S.K.: 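Submitted below is the structure of interest, expressed as structure tokens.
From a predicted model like this one, the values you see are computed outputs, not experimental measurements.
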Amino acid sequence: AAVRYKHQSISYASLDQMSSALAARLMQAGVRPGERVGIWLNKSIEAIVSISAILKAGAAYVPLDPIAPVKRATYMLSDCQVRCLITTQERLALLDESFLLDLRPALLVLADSIATRPQLADIPLLVWPEALSATPHYDLVQAKLVNPDQLAYILYTSGSTGSPKGVMLSHRNGRVFVD
């Protein structure tokens, strides 16, 4: 098993297949290398698949604390100018619709098996099973083209001395490259 969480697990092959499919969906939606993708999920297999997919797409992930107050989460999403948000329907409902329309993400991905379309004009929405199926497979050769010094993820400080600050780390620090 590549990932075990509670009573679930997935193999390395499944992790690779699911993250490749999601990476392809992110790229089809316009997520480009170096752009930021927010992840507002609990610890889960879906969170690991999302991180792997974002890195395969050459983008940078921005993990949001699942119990973070909405004000903090919206600050971080806005500060990073995320291109996409991967979350749950419950958390999406916490975000003000006008905030999302101002943010203009290229895509919202809901890691829920049940979802109703939020009333968000023309922002594309994918629901988890749909996000991982019927997708042209991502070419893994493209992953080698990611510049190792390019941004891979942004971790935010606690903000105890004011507003939270984003600490940017490169792909070189976040994954192993194969020559």
S.K.: Return the OG to CH2 distance between Ser50 and Trp40, rounded to the nearest 0.5 Å.
M.R.: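 One finds 15.0 Å between OG of Ser50 and CH2 of Trp40.
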S.K.: Looking only at heavy atoms, what is the nearest atom pair of Tyr12 and Ala1, with distance?
M.R.: CE1-O, 3.9 Å
S.K.: Can you find a heavy atom in the side chain of Leu41 that is under 4.5 Å from one in the side chain of Thr88?
M.R.: yes
S.K.: Report yes if the side chains of Val109 and Cys84 come closer than 4.5 Å at any heavy-atom pair, otherwise no.
M.R.: yes
S.K.: Between the main-chain N or O of Ile10 and the side-chain N or O of Ser14, is there a donor-acceptor pair closer than 3.5 Å?
M.R.: no
S.K.: Looking at Leu77 and Gly38, what are the two nearest heavy atoms and their distance?
M.R.: CD2-CA, 4.4 Å
S.K.: Under a 3.5 Å distance rule, please check whether Ser19 uses its side chain to pair with a backbone N or O of Asp16 as donor and acceptor.
M.R.: yes
S.K.: Closest heavy-atom contact between Ala53 and Ala23?
M.R.: O-CB, 3.4 Å
S.K.: What verdict does the side chain to side chain contact (heavy atoms under 4.5 Å, CB included) test give for Thr87 and Ile39, after you've listed the backbone C-alpha separation in whole Å, the side-chain angles of each residue and the deciding distance to 0.1 Å?
M.R.: CA-CA 6 Å; Thr87 190; Ile39 302 175; over 6 Å; no
S.K.: Go through the steps to decide whether Asn42 and Arg91 satisfy the test side chain to side chain contact (heavy atoms under 4.5 Å, CB included), and finish with yes or no.
M.R.: CA-CA 11 Å; Asn42 289 330; Arg91 287 198 180 91; 2.8 Å; yes
S.K.: Please report the shortest heavy-atom distance between Val31 and Ala59, naming the atom on each side.
M.R.: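 Closest approach of Val31 to Ala59, heavy atoms only: CG1-CB, 3.7 Å.
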S.K.: To the nearest 0.5 Å, what is the distance between SG (Cys80) and CE (Met168)?
M.R.: 8.5 Å
S.K.: Is the shortest side-chain heavy-atom distance between Arg83 and Pro105 below 4.5 Å?
M.R.: no
S.K.: Distance check, rounded to the nearest 0.5 Å: Leu26 atom CG versus Lys56 atom NZ?
M.R.: 11.5 Å
S.K.: Does any non-hydrogen side-chain atom of Leu100 lie less than 4.5 Å from one of Asp96?
M.R.: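 No, every pair of side-chain atoms sits at 4.5 Å or beyond.
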S.K.: If you measure from CD1 on Ile86 to CG on Leu22, what distance do you get to the nearest 0.5 Å?
M.R.: 5.0 Å
S.K.: Hey, does Glu46 have a side-chain heavy atom less than 4.5 Å from the side chain of Val49?
M.R.: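 Result no, sub-4.5 Å side-chain heavy-atom pair not found.
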S.K.: Kindly indicate whether the side chain of Val37, heavy atoms from C-beta on, has any atom under 4.5 Å from the side chain of Val82.
M.R.: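 Val37 vs Val82: side chains apart.
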S.K.: Taking all non-hydrogen atoms of both residues into account, name the closest pair between Gln150 and Gly34 and its distance.
M.R.: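 Reported closest heavy-atom pair: NE2-N, 2.8 Å.
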S.K.: Name every donor-acceptor pair, under 3.5 Å, that has one atom in a side chain of residues 61-74 and the other anywhere in the protein, sequence neighbours excluded.
M.R.:
{"residue": "Asp65", "atom": "OD1", "partner": "Ile67", "partner atom": "N", "Å": "3.0"}
{"residue": "Arg72", "atom": "NH1", "partner": "Ser158", "partner atom": "O", "Å": "3.1"}
{"residue": "Arg72", "atom": "NH2", "partner": "Thr157", "partner atom": "O", "Å": "2.9"}
{"residue": "Thr74", "atom": "OG1", "partner": "Val70", "partner atom": "O", "Å": "3.1"}
{"residue": "Thr74", "atom": "OG1", "partner": "Lys71", "partner atom": "O", "Å": "3.0"}

S.K.: Identify the heavy atoms of Tyr156 and Met76 that sit nearest to each other, and give their distance.
M.R.: CD1-CE, 3.5 Å
S.K.: Less than 4.5 Å apart, any side-chain heavy atom of Ser170 and any of Tyr153?
M.R.: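 They are not in side-chain contact.
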S.K.: For residues Leu15 and Ile48, determine if any side-chain heavy atom of one lies less than 4.5 Å from a side-chain heavy atom of the other.
M.R.: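 Yes. Closest side-chain heavy atoms under 4.5 Å.
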S.K.: Looking at Glu35 and Arg32, would you say the former's side chain and the latter's main chain have a donor-acceptor pair under 3.5 Å?
M.R.: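 A pair under 3.5 Å: yes.
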